Amino acid sequence: MTTASEAAALAPGGEARSGFSFTVGRRIDDGLGRTGRIDTPHGPIDTPAFVVVGTKATVKAVLPESIAAVGAQAVLANAYHLFLQPGPDVVDAAGGLGQFMNWPSPTFTDSGGFQVMSLGVGFKKVLAMDAAGVADDEVIAEGSTRLAHVDDDGVTFVSHLNGDRHRFTPEVSMRIQHQLGADVMFAFDELTTLKNTRAYQENSVDRTHAWAIRCLAEHRRLTAEREHKPYQALFGVVQGAQYEDLRRAAAGGLAALEVDGQSFDGYGIGGALEKENLGRICGWVSESLPEDKPRHLLGISEPEDLFAGVAAGADTFDCVNPSRVARNGAIYTADGRYNVTTAACRRAFTPLEEGCGCYTCTHYTRAYLHHLFKAKEMLASTLATIHNEWFTVRLVDSIRASIAEGAFADYRTEYLGRYLSGRR
RNA sequence: GGCAGGUUGCCCGAGUGGCCAAAGGGAGCGGUCUGUAAAACCGUCGGCACAGCCUACGUAGGUUCGAACCCUACACCUGCCA
């Protein structure tokens with residue numbers, strides 16, 4: 001197979017060192033969704049696609065071979081985590097993230113923006129809490145310690161590993177991400193919670209925009225400085241919480257951004273998204289973004305949300321959920337999600353999901369997985385993760401196929417009808 | 001044979017007169033998890049006709065208004081001495 005980096009190098013008339021491009025394929029008739037193809041120096045990604053999360057340069061519990069077997073086209077790691085450990089210089093010296101973790105295909109890195117929120121509010125479900133009646137911008141989970149403090153220039157973190165104090169700014173995040181060397185990077189942004197006030201959200205969107213400008217500038221500088229390295233694409237991240245005007249303004253602002261000829265290669269859609277409004281919010285954003293650039297919906301993977309995201313124009317997704325949930329015994333199937341740890345699976349000598357082609361389902365039974373979880377054996381996490389990642393990757397693959405066949409709407413109705421009714 | 005300690009709910013283990021159906025842990029059972037501070041967390045955990053009642057802290061008896069807690073006997077276990 002010819003690698004995309006070679007293809008890019010040979011591409012006639014291509015921009016120097018580009019190696020990154022996006023081609024739109026077929027569109028959904030009555031929606032913003034489309035199929036497409038992202039080309040990166042480490043190969044192509046057919047979209048819509050689910051990107052598997054490997055925060056610390058490893059998809060927890062599984063070998064890269066398994067991730068490839070599951071059908072994953074790309075893996076996403078995290079700048080904050082890799083900055084703390086082992087340090088971006090180590091990853092750089094290793095030849096970049098992909099080389100370091102033995103993942104030859106495309107890689108993404110998140111900027112550390114998510115940690116502005118998760119470490120800032122103290123690691124709780126503040127994201128999903130009801131915003132009604134709350135007028136406090138010092139949002140923090142009960143009984144927790146705030147490990148991150150935001151200001152207009154950046155964020156001060158206290159390492160969750162050893163308490164060391166660190167400072168992230170847009171420039172720092174860009175430098176780290178360039179050292180990590182992923183094919184797609186995200187601009188450093190501030191992710192708010194649904195509990196923040198409207199006034200705070202407005203300021204936050206402005207702050208994220210100001211940071212986006214600084215990210216672009218630093219990205220441009222680093223790209224020139226690291227001329228010998230494969231091109232790394234940079235996606236700007238759209239915030240604006242649940243407010244239509246903020247979302248549209250944020251997206252439009254990022255779309256129009258150009259710093260010394262450098263603009264974003266794609267866009268991330270981020271922030272706290274209420275499940276019910278997810279599709280609508282994505283739609284506002286997609287409408288305000290250029291059609292010829294890819295849109296990545298950050299941190300989303302439940303079936304109904306994937307359909308909603310695709311319908312609203314999202315091209316790629318990433319999420320910790322399939323693997324995290326797997327490690328805790330929850331299994332996704334076309335008929336809903338269930339816990340294999342349940343007594344009903346003790347003597348169920350059937351696959352996790354009937355008809356599934358994944359390694360786990362073709363070799364093991366629910367009863368065996370049940371046993372492994374009960375016995376707290378590591379293999380439980382491994383096998384369950386393989387299944388859930390396969391489930392999620394293949395679901396998005398099948399959504400892509402349905403668009404290509406012009407059957408997205410029917411497929412969505414049919415699939416979710418079964419999935420949601422079978423749900424326990 | 002003597003001396004000392006012990007016997008608590010499925011298991012381990014606190015509790016030594018009322019606030020004890022009995023702390024805590026484990027197991028069991030159920031659930032949660034959306035840009036990973038997560039191989040984590042939460043709930044439940046004697047029975048029932050459930051703001052109450054019944055059964056329960058080795059067994060049997062006793063003291064007391066009231067006992068897992070005090071006394072007596074018995075059974076079994078553990079350590080030390082012979």
Side-chain angles (χ1 to χ4, degrees), chain A residues 50-62 75-82 84-85 108-125 127-128 141 143-148 157-163 173 182 184-192 235 237-239 267-275 278 296-306 308-309 314 316-330 332 337-346 370 372-385 388 392 424:
Chain A
F50 179 71
V51 176
V52 172
V53 173
T55 301
K56 301 190 217 175
T58 168
V59 179
K60 294 184 193 301
V62 295
V75 169
L76 177 145
N78 186 289
Y80 167 76
H81 295 267
L82 293 176
L84 293 182
Q85 193 176 54
F108 289 47
T109 47
D110 189 23
S111 63
F114 182 78
Q115 281 64 38
V116 175
M117 184 285 296
S118 72
L119 298 176
V121 300
F123 187 60
K124 285 283 176 187
K125 280 194 71 181
L127 261 182
S144 297
T145 318
R146 183 182 288 268
L147 296 181
F157 290 104
V158 171
S159 162
H160 69 277
L161 295 177
N162 60 12
S173 176
V184 175
M185 306 178 289
F186 285 96
F188 192 57
D189 64 327
E190 180 187 16
L191 167 54
T192 55
F235 285 23
V237 181
V238 179
Q239 292 293 342
Y267 301 88
I269 304 170
L273 300 173
E274 293 165 294
K275 214 173 168 59
L278 187 148
H296 180 95
L297 181 51
L298 288 150
I300 293 298
S301 76
E302 301 229 319
E304 60 271 42
D305 300 333
L306 293 171
T316 50
F317 303 83
D318 74 277
C319 196
V320 303
N321 205 49
S323 78
R324 177 189 286 166
V325 140
R327 271 175 275 122
N328 298 319
Y332 278 98
R337 208 185 84 179
Y338 69 94
N339 294 328
V340 243
T341 50
T342 239
C345 294
R346 205 167 100 79
H370 175 89
L372 292 178
F373 271 107
K374 288 298 184 182
K376 293 183 168 34
E377 283 293 336
M378 301 189 282
L379 190 58
S381 294
T382 301
L383 295 178
T385 299
N388 278 357
T392 309
R424 302 182 185 194

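Throughout, a chain's letter reflects where its sequence line sits, starting with A, and its residues are numbered from 1. Keep in mind the model is a prediction, meaning the values are calculated, not measured.
Closest to the side chain of A/Ser381, from the set B/rA39, B/rA38, B/rU36, is B/rA39. Distances were taken from every side-chain heavy atom of A/Met378 (C-beta onward) to each of B/rA37, B/rU34, B/rA39; the shortest belongs to B/rA39. The listed nucleotides are B/rC29, B/rG35, B/rU36; the one nearest the side chain of A/Asn78 is B/rU36. Of the candidates B/rA37, B/rG30, B/rU34, the closest approach to any side-chain atom of A/Cys319 belongs to B/rU34. In the set B/rU34, B/rA37, B/rU36, B/rA37 carries the atom at the smallest distance from any side-chain atom of A/Ser118. Minimum atom distance to the side chain of A/Asn328 is reached by B/rU32, of the listed B/rA37, B/rU32, B/rU36.
Spacing between B/rC42 and B/rA27 at atom P, rounded to whole Å, works out to 14 Å. Nucleotides B/rA40 and B/rC33 place their C1' atoms 9 Å apart, quoted to the nearest Å. Across the C1' atoms, B/rU55 and B/rU8 are found 15 Å apart, a figure rounded to whole Å. Comparing B/rC80 with B/rU72, their P atoms are spaced 27 Å from each other, to the whole Å. Using P as the reference atom, B/rA23 and B/rA68 are 15 Å apart when rounded to the nearest Å. Comparing B/rG47 with B/rC10, their C1' atoms are spaced 16 Å from each other, to the whole Å. B/rC69 and B/rA56: their C1' atoms are spaced 15 Å apart (whole Å). If you take atom P in B/rG13 and the same atom in B/rG25, they sit 16 Å apart, rounded to whole Å.
Taking only distance into account, the side chain of A/Asp305 meets the base of B/rU34 through a donor-acceptor pair shorter than 3.5 Å. Interface remark: the A/Glu190 side chain does not form any donor-acceptor pair with the B/rG35 base, using a distance-only criterion of under 3.5 Å. For B/rU32, its base never sits under 3.5 Å from the side chain of A/Arg324 at any donor and acceptor pair.
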Pairs under 3.5 Å (N/O, protein and nucleotides 9-11 of chain B):
none

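Rounding to the nearest 0.5 Å gives a distance of 14.5 Å between CG of A/Asn78 and CZ of A/Phe108. Between atom CG of residue A/Leu372 and atom CG of residue A/Leu383 there is a gap of 6.5 Å, rounded to the nearest 0.5 Å.
Within the nucleic acid shown, A/His81 comes within 4.0 Å of sugar-phosphate atoms alone, with no base atom in reach, counting heavy atoms only. Among the heavy atoms of the strands lying under 4.0 Å from A/Asp318 are primed sugar atoms or P, OP1, OP2 only; no base atom is included. Nucleic acid contact for A/Lys60: base, since at least one base atom lies under 4.0 Å from a heavy atom of the residue. Across all strands, A/Ser323 comes closer than 4.0 Å to base atoms (heavy-atom distances). Within 4.0 Å (heavy atoms only), A/Leu297 reaches no atom of the nucleic acid at all. Residue A/Ala380 is out of contact with every strand shown, counting any heavy-atom pair closer than 4.0 Å.
For A/Glu190, the side chain to side chain donor-acceptor pair (under 3.5 Å) partners at least two apart in sequence or on another chain are A/Tyr200, A/Ser204, A/Arg207. Judged as a side chain to side chain donor-acceptor pair (under 3.5 Å), and not counting sequence neighbours, A/Asn328 has no contacts.
Summary of the strand contacts: A/Ala77 and A/Glu377 both lie near RNA chain B, and taking for each the nucleotide with the nearest heavy atom, the more 5' one is attributed to A/Ala77.
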